[in-house]
Protein chains: 2
Amino acid sequence: MMDLIGIREQISNAGLKVTPQRMLVLEAVSVMKNHPTADNIIDFIRKNHPNVAVGTIYKILDNFVEKGLIKMVKTDKDKMRYDSVLTNHHHLYCAGSDRIEDYEDNELNTLISNYFSTKTIDGFTIEDIKLQIIGRFTN
Amino acid sequence: MMDLIGIREQISNAGLKVTPQRMLVLEAVSVMKNHPTADNIIDFIRKNHPNVAVGTIYKILDNFVEKGLIKMVKTDKDKMRYDSVLTNHHHLYCAGSDRIEDYEDNELNTLISNYFSTKTIDGFTIEDIKLQIIGRFTN
DNA sequence: TTACTATATGAGAATAATTCTTAAAAAAGA
DNA sequence: TCTTTTTTAAGAATTATTCTCATATAGTAA
């Protein structure tokens, strides 16, 4: 479940001081699998630790993104969301709601990276490719 | 250049009343090819028509997105952006700045739609697929 | 352990983007 | 034209996020 030692290590290895607040944020993002917004994370943490400042949580999220501990997910509408899954994956976006799910597909990854190993884009160096698959969840 | 009759028609065909303000907004988004933010659009319009209300422009942008006349593009950090290009295209995102460019590639579109014509995603009906190609512009 | 220094935090003010409210104005239809 | 419905202007309100700065704490070195 919540491997506090692992979380402590991740923060430390990223070159950040380990603080109770950072532990709480990283634990929250790891536990909340639904691409939470900053606000979701704030609520989650403050339910049990009402003394943690909102600005602190925003700053910690920035720290973590900067150090690569978590990622930001771009959605069409609404606010910023965060993602603790760092393996290469794509996202399924519901056209009619806020729902976002991960989509992992190595065959697809291979197909795309093969394609771009021969094809280059003029004036642009590719670092990463993500698919936004928009549609409807049927469940 | 600015085909005012075409713009009028687009608005009308979308089932919206044609007003001067809507003409201005659709013309602005069509002319500004750089994925403008709401604020860019507001500045552009108010330079020549300072009497158009900010809230009106926001509401018109919403109308247009809802009717499919324009699209929203969201990037990692910053605000909402708008896009008038309705052909199927992808986006190049600069990892180090706000820059976004369109990327059209029919060969790629074919590749992907072929892939997903055989492969289905459990519990999900695909409506559209967009690539976010992240990297660096070399010019 | 204690002290030191850099960094992180809490609290709330400030800012920025967007939405809401309401009365007045204008569009489309009869 | 007159009527009905929709749209607009203006600015207040809301929401998300960033900033400020005094205090507190983590990591390190003695």
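Residue numbering restarts at 1 for every chain, and letters A, B, ... go by the order of the sequence lines.
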I need the OH-C1' distance between A:Y82 and D:dT17, as an integer number of Å.
9 Å
Return no unless some side-chain N or O of A:T37 is found under 4.0 Å from OP1 or OP2 of D:dA16.
no
Taking atom types as modelled, find out whether A:H35 and A:N40 have a side-chain donor-acceptor pair closer than 3.5 angstrom.
no
Closest nucleotide among D:dA9, C:dA27, C:dG10 to the B:Q21 side chain
D:dA9
Heavy atoms under 4.0 Å, any strand shown: does A:T56 hit a base, just sugar-phosphate, or nothing?
base
Base, sugar-phosphate or nothing for B:N51? Non-hydrogen atoms, less than 4.0 Å.
sugar-phosphate
Quick check: are there more than 12 heavy atoms from other residues, nucleotides or ligands sitting under 6.0 Å from CG of A:D122?
no
Taken to the nearest whole Å, CD1/A:I11 to C1'/C:dT7 is 15 Å
Closest-nucleotide 5' rank along DNA chain C - winner of B:P20 and B:Y58:
B:Y58
What is the distance, rounded to the nearest whole Å, between atom CZ of B:R22 and atom P of D:dT6?
11 Å
Rounded to whole Å, the CG-P distance (A:D43 to D:dT15) equals 13 Å
Picking from C:dA27, D:dA10, D:dG27, which would you name as closest to the side chain of B:T19?
C:dA27
Measure NE2/A:H49 against P/C:dG10 and give the value in whole Å, please.
12 Å
Which one, C:dT18, C:dT19, C:dA8, comes nearest to the side chain of B:A38?
C:dT18
With nearest nucleotide decided by heavy atoms, which residue, A:L16 or A:K59, maps closer to the 5′ end of DNA chain D?
A:K59
Return the NZ to CD distance between A:K33 and A:E101, rounded to the nearest 0.5 Å.
12.0 Å
Nearest-Å distance, CG (A:N63) to P (D:dA26)?
16 Å
Just the rounded figure in Å: distance from C1' of D:dG27 to CZ of A:R8.
12 Å
Option passing side-chain contact (heavy atoms from CB on, under 4.5 Å) with A:D83 (candidates A:V29, A:D102, A:I70)
A:D102
Member of B:T37, B:I45, B:D39, B:D43 meeting the side-chain contact (heavy atoms from CB on, under 4.5 Å) criterion with B:I41
B:I45
Candidates D:dA9, D:dG27, C:dA11 - which lies nearest the side chain of A:K17
D:dG27
Calculate the interatomic distance between A:D62 atom CG and D:dA16 atom C1'; express it in whole Å.
13 Å
